[in-house]
Protein chains: 2
Amino acid sequence: MFMCDIVARLKKTGIRLTPQRQEVLQVLLEGALLEERQPLSAEEILQKVRQRYPGISLDTIYRTLATFKKLDLVCEVNFRDGCRRFELMLQEEHHHHLVCLKCGHARELPFCPADCLARAQEHYPDFEIADHAFTVYGYCEKCRKSY
Amino acid sequence: MFMCDIVARLKKTGIRLTPQRQEVLQVLLEGALLEERQPLSAEEILQKVRQRYPGISLDTIYRTLATFKKLDLVCEVNFRDGCRRFELMLQEEHHHHLVCLKCGHARELPFCPADCLARAQEHYPDFEIADHAFTVYGYCEKCRKSY
DNA sequence: TCCTAGATCGGAAATATTCCTATTTCCTGC
DNA sequence: GCAGGAAATAGGAATATTTCCGATCTAGGA
């Protein structure tokens, strides 16, 4: 999945392609290509984008993330650290997270409680499921040592 | 599970039993006994507690919730509505939630992705799991109609 | 009853997020 | 290529949530 693919995908939706949005996308994409991707907060994204596009505002980051989320391009992860975190969602690798409550480091869980999702739908057939989250919290090897 | 049981449980832990803590407990317990319990925000708990104990401060609510959480008496639910929400956790009925992103109404999911939790532990054997969350987001029958 | 570690209050501070308005800009149709 | 208009942006103000801090109070053990 590369920039041009996503841009093409965005153009189809009719959304305007501003340089700000492309820079946010770029930052998220770089995050997604790292070996150990870490979901980013709005503030973190702001800092990274500003390195290349200094004038961007925090409001634009939030609006862009909201827009991308509506387009299922971005998903939200709750680290319980007081802010929302986001990462690029590439369908082919839907996943969940394991988060250290001390250092905030996240690891990926490459599997999904699909059966639970199905049971939820059975249980509440009239509910329109839009999204779901499965997150495991605890202490990583490094942090549990320093108790 | 009644007040006296919980109080007994608290006393065992050595934690001080202040009237403020008991009032917070009372509010959470009332919430837990409702047919359709809704996890409460700190502000909501504050309002309810103040009806009986007007002098209590928001800080105390937050501190009390943090204390109860450490004792596994309370758990946190993320509604994606900008604040943390809490509910009394009665072991015998561990559950997860289905949340409407429009009206904020929550329903319970009386089952748990236990297999995923086990797989997570297998995947990361050195991670000390403390907690987990499974939440389904979407639109309830009422809200999906008003699109 | 006294003592003291621990808890509380109230307000200030720190964070995170959204709102607002004037201005700018992307895109469509010519 | 150019103009028009709807959509997006910047920047700062406003709001909301959560935490911090110092002074004071108190639950519970001795």
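Sequence lines set the chain letters: A, B, ... in the order given, protein chains first and strands last, and positions in each chain run from 1.
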> In whole angstrom, what separates Gln22(A)'s CD from dA8(D)'s C1'?
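From Gln22(A) CD to dA8(D) C1': 14 Å.
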> Could you check which of dG12(D), dG28(D), dC21(D) has an atom nearest any side-chain atom of Asp59(A)?
dG12(D)
> With heavy atoms of chain A within less than 4.0 Å as the criterion, where does contact along DNA chain C begin and end?
dA16(C) to dC27(C)
> Test for a donor-acceptor pair under 3.5 Å between the base of dA8(D) and the side chain of Arg21(A), counting only N and O atoms.
no
> Could you tell me the separation between the CG atom of Leu46(A) and the C1' atom of dA10(D), rounded to a whole number of Å?
12 Å
> Check whether any side-chain nitrogen or oxygen of Gln20(A) sits under 4.0 Å from OP1 or OP2 of dA10(D), and answer yes or no.
yes
> Would you confirm whether the ring centroid of His132(A) sits within less than 6.0 angstrom of the ring centroid of His96(B)?
no
> Just how far, in rounded Å, is C1' of dA8(D) from OH of Tyr53(A)?
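Going from OH in Tyr53(A) over to C1' in dA8(D) covers 11 Å.
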> Regarding Glu76(A) and Lys69(A), does a basic nitrogen lie under 4.0 Å from an acidic carboxylate oxygen?
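Here Glu76(A) pairs with Lys69(A) in a salt bridge, since their nearest N and O are under 4.0 Å apart.
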> If you draw the axis of the six-membered ring of Phe79(A), does the NZ or CZ of Arg85(A) fall within 45° of it and under 6.0 Å from the ring centre?
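Yes, cation above the ring, under 6.0 Å and within 45°.
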> Measure from NZ or CZ of Arg80(B) to the centre of the six-membered ring of Tyr137(B) and say whether it is under 6.0 Å with the direction within 45° of the ring axis.
yes
> Take the protein atom OH of Tyr62(A) and the nucleotide atom P of dG12(D), then report the distance between them rounded to whole Å.
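Interatomic distance, OH of Tyr62(A) to P of dG12(D): 17 Å.
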> Evaluate side-chain hydrogen bond (donor to acceptor under 3.5 Å, both in side chains) for Gln38(B) paired with His97(B), printing each intermediate quantity in order.
CA-CA 10 Å; Gln38(B) 297 292 307; His97(B) 296 92; over 6 Å; no
> Assign each of Thr18(A) and Ala42(B) to its nearest nucleotide of DNA chain D by heavy atoms, then name whichever residue's nucleotide is nearer the 5' end.
Thr18(A)
> Select base, sugar-phosphate, or nothing to describe what Leu58(B) touches, counting heavy atoms under 4.0 Å on all strands.
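Base contact.
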> To the nearest angstrom, how far is Leu65(A) atom CG from dT9(D) atom P?
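My rounded result for the distance is 11 Å.
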> In whole Å, what is the span from the CD atom of Glu43(B) to the P atom of dT19(D)?
14 Å
> Go through dG28(D), dA8(D), dA10(D) for me and flag the one nearest to the Ile15(A) side chain.
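For the Ile15(A) side chain, the nearest candidate turns out to be dA8(D).
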> Rounded to whole Å, please give me the gap between CG in Asp81(B) and P in dT17(D).
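Rounding to the nearest Å, CG of Asp81(B) and P of dT17(D) are 8 Å apart.
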> Considering every strand and a 4.0 Å limit on heavy-atom distances, what is the contact class for Pro19(A): base, sugar-phosphate, or nothing?
sugar-phosphate
> Given that Ile61(A) and Gly82(B) both sit by DNA chain D, which one's nearest nucleotide is further toward the 5' end?
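In this pair, the answer is Ile61(A).
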> Please classify the nucleic acid contact of Arg63(A) as base, sugar-phosphate, or nothing, using heavy-atom distances under 4.0 Å.
base
> Side-chain contact, heavy-atom cut-off 4.5 Å: Leu29(A) with Leu25(A)?
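The answer is no; the side chains never approach within 4.5 Å.
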> What is the distance from CZ of Arg80(B) to P of dT17(D), rounded to the nearest Å?
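Whole-Å distance recorded here is 18 Å.
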> Please check if the side chain of Glu122(B) supplies one atom and the backbone of Pro125(B) the other of a donor-acceptor pair under 3.5 Å.
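Side chain of Glu122(B) to backbone of Pro125(B), a donor-acceptor pair under 3.5 Å: no, none is there.
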